[in-house]
Amino acid sequence: MVMPVMTKLYKTTGEVKYLDKLYANYRWADELMYDTVAHLYFRDAKYIYPKATTRNGGKDFWARGDGWVLAGLAKVLTDMPQDYCHRPFFVQRFQELAEAVARCQQPEGYWTRSMLDKDHAEGPETSGTAFFTYGLLWGVNHGLLSDAQYGPVIQRGWDYLTKKALQPSGAVGFVQPIGERAIPGQQLSEKNEANFGVGAFLLAACEHLRYEDRQANGEVKVTVTNKSNEFRQQLVELDETMVDVKLGIHGGRQFIVYDAGGLEVPYQLTYNKKILIDAGVRPHGTQTFYIRKGTPKVYQNVCYGRIYPERKDDFAWENDRGAYRIYGPALQRTGEKSYGVDVWSKNTPELVLDQRYWIEDVVMMPAVEKLRRENRQRGDSLYRLNSYHNDHGRGMDLYKVGATLGCGTPALMVNGELVYPYCFKDYEMLDNGPLRMTARFTYHPTEVEGDTIVETRIIQLDKGSNFNKMTVSYAGLTHPVKLASGVVIHSEDAKSYVLGKNYVQYADPTDNVEVNNCQLFVATLYPQGVNQTLMKKFDKQSGGNVGHALGIKNNYRGEPYTYYFGSAWSKYDIRTQAEWQQRINWILSGLQQPLSVKWQKTNK
């Protein structure tokens, strides 16, 4: 079972020593446990014939153990380079083992636990059968085994797995419990389940999908056109079902996207059956992509989000431009008043959230609190040196939210006053990279003028974008109210806001002007339009909050409404408020005149 780890280490490091160590260890085990007559492996030294025999006196080869070897060899050969000097040995063992496995399949499609003595432990067993089926499928898919010879064996094995082992409930039965041998008298039924049996079944199922798809031909040509006078960079969407049909595949990551130069391009499949491709097109130009059947690389995540229970159930997310968070159930239980979207700056395309939360909320704060009890000054020093509220070269949490909308939070407005939302109640992760993060949030029921309403938000952040897409709706709203969203204005700079026709923007001075000495640019955009934008001041200032720059939509009845909110940092990609205004104009123009996409099927 450890074999694929060695080839993964080789792929990660490029060091051949891991392949050589694999070969040395495998040869040692091979000389001990490989039967050169049966071309099967004994489980270990305890079961080598004639030390151990079946009840009929024959050699005892345990199906799940040989299944590990066949499946392991498939995984090893997948990652092993074609020119590795010992690869022919591994190919030989794979082919010999495959031939031996095929010979002892039962007519019903399964393999018995003792492979050459069906009476030793009678009846079907799923984990070994699934591993064997996977290995044979992989061999045919990669040209090491003949489909004409092994296709009938594969079909019988697949029929057993899908018609006998797989239950109507979705469970996978007839799995031998954890053990190391075929046990005489042990009876298996559909109620014998185990997670490793499900894993083996899924391994075979994925390879069977590739087996069905391997005859697909042709490609899909995608042409992305920019009809505007400006360069456009954005994620374009294709219908996944259309591509699957045109390529003759069954869905999933079974194709590769290439650019016009033949280089592989990262893509993402979304929860709503779209294919995302990052396109950059010159003014009045086109960009061409080609989609062909194949197994793509594993792409590095640029967009990512998750809940952080270590920090009172924050949900935080990021891309290569910035990071954001909203507050969850654990914080609401404390009574702390934090309503809005928080903004964290970053100046690197790398993901930073996990590290920031780990250092501050898991490692540092317990140590800080302990040290403060002993020496307040030393505890404060440790906090400054490690906290994500200070910039250590990659950005920080520099934004004040508190009992405000923060950056872009929606709120209903009744009788001229905002009805602030609190923390989310439930969330659902819809997309999580590599190119887009999408999550749905549901809020606690709230009373608004006699209505019990439930707010739902869908937040989406794409690679390369300074702006999140927000779609908000309210169930249970029976009469029209106003819908507001915008950004909080702080007392350290209460003038640097701009109220546009379909946007509000602000150069925020940050939460510690003298120390941070930078600006955080924030904005909310309304491509669907609002009735007015305005500055609404608080009756009484508190916590350095003066009021909000808001966009207001009248006669709102709870239907889905989409707008955008986002940020940029003066120490990263936007240096001035004038440049921020240019970015806003560019984003709004792109929303009004997006890239267009056409496709056609061609023959390679």
Side-chain angles (χ1 to χ4, degrees), residues 301 304-318 322-407 409 420 422-425 427 488 490-493 508-520 522 540-546 567 569-572:
N301 261 27
Y304 174 76
R306 75 172 176 92
I307 196 168
Y308 289 87
E310 58 266 41
R311 224 306 297 189
K312 301 177 183 176
D313 292 344
D314 286 359
F315 186 95
W317 68 100
E318 62 180 310
Y324 305 84
R325 69 171 167 178
I326 56 177
Y327 304 103
L331 186 133
Q332 181 163 333
R333 289 193 292 269
T334 70
E336 180 182 337
K337 302 299 183 183
S338 293
Y339 304 138
V341 176
D342 193 11
V343 180
W344 289 8
S345 70
K346 57 186 290 190
N347 60 1
T348 172
E350 298 176 2
L351 301 177
V352 301
L353 286 176
D354 279 355
Q355 184 183 45
R356 289 188 188 180
Y357 275 106
W358 172 257
I359 291 175
E360 173 140 339
D361 296 296
V362 177
V363 177
M364 184 192 73
M365 285 310 299
V368 167
E369 292 168 1
K370 179 181 178 182
L371 192 56
R372 279 173 172 169
R373 290 192 293 268
E374 300 170 359
N375 185 308
R376 179 76 188 190
Q377 185 176 2
R378 291 181 63 194
D380 289 347
S381 178
L382 179 63
Y383 180 82
R384 286 193 300 272
L385 289 172
N386 294 279
S387 173
Y388 54 57
H389 290 85
N390 299 310
D391 182 16
H392 304 289
R394 289 160 62 91
M396 58 182 164
D397 177 7
L398 70 175
Y399 190 59
K400 288 192 296 187
V401 179
T404 74
L405 298 181
C407 177
T409 304
Y420 288 100
Y422 210 162
C423 303
F424 67 86
K425 176 178 178 288
Y427 81 99
V488 62
H490 292 121
S491 58
E492 293 85 350
D493 184 348
D508 193 285
T510 81
D511 61 356
N512 193 333
V513 176
E514 296 301 321
V515 173
N516 296 336
N517 203 21
C518 60
Q519 291 176 301
L520 183 70
V522 293
K540 182 179 180 181
Q541 296 184 22
S542 64
N545 302 315
V546 174
S567 66
W569 189 28
S570 63
K571 291 186 177 182
Y572 189 29

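Position 1 is the first residue of the sequence, and the numbers go up from there. The structure presented is a predicted model; accordingly, all values stated were derived computationally and were not measured.
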Worked check of side-chain contact (heavy atoms from CB on, under 4.5 Å) between Q541 and S491: CA-CA 9 Å; Q541 296 184 22; S491 58; 4.2 Å; yes
Gap between atom CG of N516 and atom CG of L398 - 0.5 Å precision: 5.5 Å
N-O pairing of R356 and E318 below 4.0 Å: no
Residue among E374, E369, R373 satisfying side-chain contact (heavy atoms from CB on, under 4.5 Å) with L371: E374
For D342, all residues meeting side chain to side chain contact (heavy atoms under 4.5 Å, CB included), sequence neighbours excluded: R325, Y327, W344, D397, Y399, V401
Sidechain N-carboxylate O distance under 4.0 Å for D380, R376: yes
side-chain contact (heavy atoms from CB on, under 4.5 Å) between T510 and Q519, worked out: CA-CA 6 Å; T510 81; Q519 291 176 301; 5.7 Å; no
Partners passing ring-ring contact (aromatic ring centres under 6.0 Å, His included) against F424 (at least two apart in sequence or in another chain): F441
Validation row: E360, H389 side chains within 4.5 angstrom (heavy atoms): yes
Sidechain N-carboxylate O distance under 4.0 Å for D508, K400: no
Flag if over 12 foreign heavy atoms under 6.0 Å of CZ, R394: yes
CD (E514) with more than 12 external heavy atoms under 6.0 Å: no
Check: Y422 ring centre within less than 6.0 Å of Y339 ring centre: yes
By ring-ring contact (aromatic ring centres under 6.0 Å, His included) - contacts of Y572 (at least two apart): none
E310 atom CD, over 12 foreign heavy atoms within 6.0 Å: yes
